[in-house]
Amino acid sequence: MARGYDFARIEQKWQQIWEAQGAFVVTEDPARPKYYCLEMYPYPSGKIHMGHVRNYSIGDVVARYLGMRGYNVLHPMGWDAFGFPAENAAFEHGVHPATWTADNIAYMKAQLRRMGFSYDWTREVTCCDPSYYRWNQWFFLQMLERGLAYRGRAPVNWCERCQSVLSNEQAEGGVCWRHTDTPVVQKELEQWFLKITAYVEELLADIDTLTGWPERVRVMQRNWIGKSVGAEVDFPLAEGGSLRIFTTRPDTLFGATFMVLAPEHPLALRLAAGTGQEAAVAAFLARMRRADRTARTDAATEKEGVFTGGYALNPMTRERIPIWVANFVLQEYGTGAIMAVPAHDQRDYDFARKYGLPIRVVIQPPGEPLTAERLESAYEGEGRLVNSGAFSGQDSREGKLSICQFLEEQGIGKRAVNYRIRDWLISRQRYWGTPIPVIYCDACGIVPVPERDLPVILPPDVEITLSGGSPLARVEAFVHTTCPRCRRPARRETDTMDTFVDSSWYFLRFASPRETARPLDPEKVRYWLPVDQYIGGIEHAVLHLLYARFFTKVCRDLGLTTIAEPFTNLLTQGMVCKESYRCPEHGYRLPGEVDKQGRCTACERPVEIGRTEKMSKSKRNVVDPDELLERYGADTIRLFSLFAAPPEKDLEWSDEGVQGSFRFLTRVYRLVEEHAAEIRAARDLAWGEEGQPEAVRTLRRLTHQTIAKVTRDIEDAFHFNTALAALMELQNVLQKCQADLPAAAPGATGLAPAARHRLLAFAEGVEVLLRLLAPFAPHLAEELWEMLGHRESIFRRPWPVADAGLARAETVEVVVQVNGKVRSRQHVPRGTAEERLRQLALSDPRIQPWTAGRSLRKVVVIPDRLVNIVVSS
RNA sequence: GCCGGGGUGGUGAAACUGGUAGACGCACGGGACUCAAAAUCCCGCGGACCUCUGGUCCAUGAGGGUUCGAUUCCCUCCCCCGGCACCA
């Protein structure tokens with residue numbers, strides 16, 4: 001194709017030029033403001049998917065736009081290259097995880113290049129490379145030294161499919177995050193933990209400073225940390241000793257009429273001894289042990305329990321209160337025991353009603369007094385303390401404080417805080433990860449690998465079985481080593497680290513990716529960090545983002561950096577969705593397997609069209625970027641993924657919509673190609689002193705309004721969809737204007753002023769269109785820019801600035817309303833005085849019928865906008 | 001249950017600090033070009049109604065309220081999506 005929009009040739013050409021020029025390679029430049037634009041790096045699963053395309057297209061517009069605005073833009077890319085799928089591939093296809101990963105990276109990198117993303121590839125980071133993961137080991141050793149990494153025995157979440165431990169985050173909802181059909185089971189193991197709880201208060205408090213983050217992400221992090229403020233109180237046991245509980249409502253202490261233990265609580269069976277309840281309790285505990293844990297702790301599960309036979313004393317009333325054991329109390333939260341206040345806690349209320357336990361009202365809300373008999377549900381709000389001895393009459397908020405103070409004075413309790421978040425369990429019984437740099441010596445115990453011996457290299461020769469624990473444990477040459485302290489034979493740790501360790505600091509590594517003496521160069525990090533704009537999926541709202549915040553704070557405390565938070569602004573882009581087709585006989589069908597009447601091509605039954613959901617292989621509703629690249633080119637795909645929806649919303653994929661984007665780019669191409677000669681010639685012309693015709697002023701107004709609109713849309717909230725709509729409008733108008741251009745390609749002279757002005761305005765409009773389009777469709781913009789005779793890249797040209805004078809409308813349409821309904825419109829000069837507008841409106845013949853015979857009550861005038869005439873009805 | 005975000009044409013979506021609801025795109029209908037098709041270009045496109053070069057009424061989940069004027073602000077309710085949830 002000699003003429004026309006040959007996207008394949010154009011895109012390849014400019015990708016090569018950018019590469020050869022090192023167009024996106026950056027270094028620190030104190031003279032320019034910096035901007036760090038980062039998209040979440042991908043797991044090299046094999047091919048990029050539309051989610052990546054959308055994520056990286058958004059990031060690329062941001063990076064290219066800010067580059068044109070004069071910022072020194074860091075826009076790096078890397079690979080989250082450790083992880084389970086590589087082992088799975090090794091098991092299924094016999095290919096080594098390293099080979100599989102490297103092949104995938106090579107393929108996906110080629111895809112990213114073909115999309116034309118403006119990455120500084122000299123900074124590429126690959127997590128499975130020893131030059132990267134050695135620093136994971138280094139960080140681990142630093143944390144070990146400071147007590148932030150520790151070995152503990154703990155009940156762990158275990159996935160039978162993975163044959164590995166999962167973090168709490170990865171076991172959300174009681175199923176494996178990777179195998180959502182596989183229930184997580186509990187096991188007790190010795191594991192390595194990172195002490196994220198040491199930073200919990202700061203992680204919580206600093207959420208308030210993250211004003212550039214979406215509210216929902218901040219809420220999710222707060223919920224995840226789950227801070228509760230209250231008190232720990234020791235209840236004396238009737239038989240001697242005491243039982244400690246945690247409560248957030250110390251103000252209701254006088255209302256505690258019984259206590260409840262978790263089934264795992266060490267006292268549960270002991271209290272029952274010799275009370276006659278022993279057999280009942282033992283049976284109950286056995287049943288709880290057998291029950292599926294996630295089902296047992298589900299809020300929907302019926303509360304049930306059994307009396308232990310033991311009693312405690314309410315420390316305030318000295319009353320004897322029974323101690324029960326029940327399914328709804330969790331051993332791992334608080335102290336594993338609660339005081340039950342049925343009048344003011346719904347769970348306790350339900351339990352008390354079921355087992356006939358006493359209820360005592362101790363908080364009185366304003367209005368009708370509550371009584372235990374009439375209570376139909378727990379009153380959980382604030383109020384005035386009653387039946388509370390010396391504390392009666394206090395407001396419950398005040399009561400909390402004064403009762404805590406009393407408990408502390410008496411030495412029977414203290415203020416306490418509890419968190420839902422647990423320390424981060426990082427041990428994984430897997431091969432393809434960072435070896436934990438620790439040695440076990442019979443004489444010296446746990447010995448850290450000395451820093452000079454890093455990295456502990458992952459041995460290449462290993463048998464991947466996907467079961468039977470850590471693969472490294474079967475690699476004799478790896479396991480057997482000598483103790484760094486006593487030089488006697490010792491064994492290496494054979495677990496590897498959770499891959500979330502890799503992603504917890506990769507954004508710091510990009511500032512100095514080839515640093516060999518340290519994980520990062522503090523000077524370079526000081527220049528580039530924090531990340532100004534981070535872009536990625538909402539699925540990382542808790543896991544990755546919380547760990548990254550934690551690592552950032554640890555780095556600061558290690559003296560490596562000065563920042564408290566890594567990501568100033570966060571954009572969580574929506575999912576890419578598409579409808580699916582399901583045949584009752586053949587399951588999910590590809591679009592090609594459904595005929596025009598909506599029937600399955602295999603059995604002719606009608607298919608059910610599923611609601612649009614996230615693209616997934618199982619739903620068979622994925623769209624392959626490679627195919628689209630082949631058919632339409634990168635610019636079209638980028639454009640559609642930016643135009644179809646604002647970035648934070650889900651995007652519904654539409655093949656017809658993609659064609660629409662392609663049509664637009666084709667029209668832009670033709671518009672420029674057909675008039676390139678005239679536009680080049682216009683460069684030698686000047687506007688001159690003559691007045692410009694109305695049509696010229698109108699076009700220029702739109703051109704400059706479009707600059708303002710596109711700039712505002714990008715700056716305000718990355719509203720690329722409306723920015724592109726404005727560019728389409730400008731294109732539509734320019735296309736109409738081409739008919740009015742001077743006939744033949746003109747020489748620099750000899751054009752009448754009006755013709756000259758039309759040409760100049762057209763040239764101005766086209767060049768602005770290209771420059772505004774450049775961040776979205778970079779290849780096309782570069783090509784057409786060059787066609788217009790420019791020698792330098794369009795990205796070297798600063799972002800256009802709107803001329804406010806030209807953008808301002810000369811006349812405005814003023815709406816005339818009667819009682820709020822539009823009855824007429826008038827075109828008047830901008831800035832027409834209020835009084836004049838009022839007169840024009842009242843004398844408008846079109847409004848006469850609406851006002852005739854009615855009395856004028858009021859006239860509201862909004863200059864340059866509307867006049868509302870209010871008449872009696 | 002609590003928290004966050006939503007509900008606008010056939011459809012994806014627009015609407016600045018309350019001021020012309022539906023920009024832009026898709027689909028669809030009609031036309032031009034063509035032997036024909038594709039591509040391209042032009043026109044139309046929320047609904048109902050009327051005395052139809054124009055005009056009226058209705059319409060932003062439902063119902064109230066504030067206002068000269070409400071998609072926008074307030075109250076009540078319904079529905080959808082996401083997160084958290086026997087966390088004491």
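Model, not experiment: these values are computed from the prediction. Each chain gets a letter, A, B and so on, in the order the sequences are listed, and its residues count up from 1.
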Sugar-phosphate, base or nothing in reach of [X], heavy atoms under 4.0 Å:
| X | value |
| --- | --- |
| V329(A) | base |
| N721(A) | sugar-phosphate |
| W653(A) | nothing |
| A644(A) | sugar-phosphate |
| P646(A) | sugar-phosphate |

Compare the minimum distances between each of [options] and the side chain of [X], then state the nucleotide with the smallest one.
| X | options | result |
| --- | --- | --- |
| T247(A) | A88(B), A13(B), C24(B) | A88(B) |
| R823(A) | A88(B), U56(B), C26(B) | U56(B) |
| N732(A) | C68(B), A88(B), G25(B) | G25(B) |

Checklist entry - Base, backbone or nothing for each nucleotide of nucleotides 15-22 of chain B, written B, S, -, heavy atoms under 4.0 angstrom, 5' to 3'? => result -B--BB--
Checklist outcome for this item: Per-nucleotide protein contact along nucleotides 38-45 of chain B, 5' to 3', at a 4.0 Å heavy-atom cut-off (B base, S sugar-phosphate only, - neither), is --SS----
Next on the checklist: What verdict does the side chain to side chain donor-acceptor pair (under 3.5 Å) test give for S228(A) and N418(A), after you've listed the backbone C-alpha separation in whole Å, the side-chain angles of each residue and the deciding distance to 0.1 Å?
Outcome noted: CA-CA 5 Å; S228(A) 299; N418(A) 254 293; over 6 Å; no
Checklist entry - If a stem is a run of at least 3 consecutive Watson-Crick or G-U pairs, both distances under 3.5 Å, which stems include RNA chain B? => result B:1-7 with B:78-84, B:10-12 with B:24-26, B:28-32 with B:40-44, B:46-50 with B:54-58, B:61-65 with B:73-77
Next on the checklist: If we ignore hydrogens and angles and just use 3.5 Å, is the side chain of R422(A) paired with the main-chain N or O of Y419(A) as donor and acceptor?
Outcome noted: yes
